[in-house]
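This report refers to the structure that appears directly beneath it.
Proteins get letters first, then strands, A, B, ... in listed order; numbering begins at 1 in each.
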Protein chains: 2
Amino acid sequence: MLSKKTKYAFHALTYLGKHRDQKTVLIQDISEEYGISHKFLENILLELKKAGILGSKKGKGGGYYLIKAPKDVALSKVIRLLDGPIALLPCVSLNYYEPCVECKSEAACGLNKVMIQVRDEMLKVLENKTLADILDKE
Amino acid sequence: MLSKKTKYAFHALTYLGKHRDQKTVLIQDISEEYGISHKFLENILLELKKAGILGSKKGKGGGYYLIKAPKDVALSKVIRLLDGPIALLPCVSLNYYEPCVECKSEAACGLNKVMIQVRDEMLKVLENKTLADILDKE
DNA sequence: AATTACCCTATCTTTTTTATAGGTTTTATA
DNA sequence: TATAAAACCTATAAAAAAGATAGGGTAATT
């Protein structure tokens, strides 16, 4: 399951996507809309900004805004950013690889090989579905 | 990511699958092969037994054995048993459904709809890949 | 009857997740 | 230029989940 952080990130991105007509959106507007703690959401939006998905403006009249087109924000990007690996095992993660301590030989591990297939199937979906798909359905 | 419990369950099932020629396999044999705590593994094997995947025999010469054909042990079954939901959000879980508290209307939630699609794609893989696929690759 | 090994429950420790706190910097505008 | 509004930053605390351990109970086999 996704962490709340990631789920909230998707909610926030959806909200920002729906309000692209306005220059900026306040953290508070989003936090009230979804009942998310202001401070918790703040951390999430900051991470999205550092990742180049959001832009922000400080001071009065400031707030956050989408920097990318919704179709260019893949689900995989958001998940990796907030939650980490998408793969089901560390030994098959593309972005967060770690060997399994109990594994003598990765090359001879059937579990490893099957999980690589699972990962690739998952990525086919998560790399191609984007924020635009979410917005289309709202 | 899968929990260690689930990963260990797959290791144990693989080991049992590879030793189907013998009547039973000791917990200890598996725990030594993979360096898993005997007691921790015991709990896992018990759950697999309760789920009807493994059988066991008590007393001298006892141990665990596979009750099902490897091709009938889907990855999804093992994951759900030890880890819980496969879906990425509680509101799209088939087996562990819970509404999202922040969600006013599930029917109007784009995130919900997209995550249903993701879930279905994941299930396509996880329901069809089985222990037999792991064993084939060992 | 003794041994072997599964069965069960409870508890403890560690890690991760979730949330909070408090101050700093930047910007618009009156 | 003062003030208010808003993002930015860092640290810490609380809660939950995962991982691991302990110790005995029970059943079956030799």
How many angstroms lie between CG in A:Leu126 and CZ in A:Arg119, if you round to the nearest 0.5 Å? 12.5 Å
Take atom CG of A:Leu41 and atom C1' of C:dT18, then tell me their distance rounded to the nearest Å. 13 Å
So, under a plain 3.5 Å distance rule, would you say the side chain of B:Lys39 forms a donor-acceptor pair with the base of D:dG19? no
Length of the OH-P vector between A:Tyr65 and D:dA6, whole Å: 16 Å
Going by modelled atom types, is there a donor-acceptor pair between the base of C:dC6 and the side chain of B:Glu42 at under 3.5 Å? no
With a cut-off of less than 4.0 Å, is there a side-chain N or O of A:Ser3 near OP1 or OP2 of C:dT18? yes
Rounded to the nearest 0.5 Å, how far does CD1 of B:Ile79 lie from CG of B:Asn95? 12.0 Å
Side-chain N,O (A:Ser56) to OP1/OP2 (D:dC8) below 4.0 Å: yes
Looking across every strand, which nucleic acid part, if any, lies under 4.0 Å from B:Lys7 by heavy atom: base, sugar-phosphate, or nothing? nothing
Between CD1 of A:Ile36 and P of C:dT17 the distance, given in whole Å, is 18 Å
Have a look at A:Ile27 and say if it touches a base, only the backbone sugar-phosphate, or nothing, with a 4.0 Å heavy-atom cut-off. sugar-phosphate
Within the pair A:Lys57 and C:dA28, is there a side-chain N or O less than 4.0 Å away from OP1 or OP2? yes
Let's see if you can work this out: which of C:dA19, D:dG19, C:dT27 has an atom nearest to the side-chain heavy atoms of A:Lys58? C:dT27
Please check the phosphate of C:dC7 (OP1 and OP2 only) for any side-chain N or O of B:Tyr64 closer than 4.0 Å. yes
For the atom pair CZ (A:Phe40) and NZ (A:Lys5), what is the distance rounded to the nearest 0.5 Å? 6.0 Å
Would you mind telling me which residue lines up with the more 5' stretch of DNA chain D, A:Lys60 or A:Asn43, judged by nearest nucleotide? A:Lys60
Just the rounded figure in Å: distance from P of D:dA20 to CG of B:Leu46. 17 Å
Residue mapping more 5' on DNA chain D - nearest nucleotide basis, A:Leu26 or B:Lys5: A:Leu26
Test of understanding: clusters of I, L, V, M, F, W, Y form through side-chain heavy atoms closer than 4.5 Å, transitively. Do B:Ile44 and B:Met1 belong to the same one? no
Full working for side chain to side chain donor-acceptor pair (under 3.5 Å) between A:Lys57 and A:Thr24: CA-CA 8 Å; A:Lys57 193 162 177 294; A:Thr24 62; over 6 Å; no
Whole Å only: how far is the CG atom of B:Asp29 from the C1' atom of C:dC6? 14 Å
Should the heavy atoms of other residues, nucleotides or ligands under 6.0 Å from CD of B:Gln28 be counted, would the total exceed 12? no
Nearest 0.5 Å please: distance from the NZ atom of B:Lys68 over to the CG atom of B:Leu13. 11.0 Å
Does a nitrogen or oxygen in the side chain of B:Ser37 sit under 4.0 Å from OP1 or OP2 of D:dG19? no
Rounded to whole angstrom units, what separation is found between the NZ atom of B:Lys4 and the P atom of C:dT13? 18 Å
Watson-Crick or G-U counterpart of C:dA30, or none if no pair lies under 3.5 Å: D:dT1
For the pair made of CG in B:Leu2 and P in C:dT16, what is the distance, rounded to whole Å? 16 Å
Mind checking the SG-NZ spacing from A:Cys109 to B:Lys137? Nearest 0.5 Å is all I need. 11.5 Å
Can you list, by residue number, the residues of residues 75-99 of chain B that have a non-hydrogen atom closer than 4.0 angstrom to DNA chain D? none
Could you state the atom-to-atom distance from CD1 of B:Ile30 to C1' of C:dA5 in whole Å? 13 Å
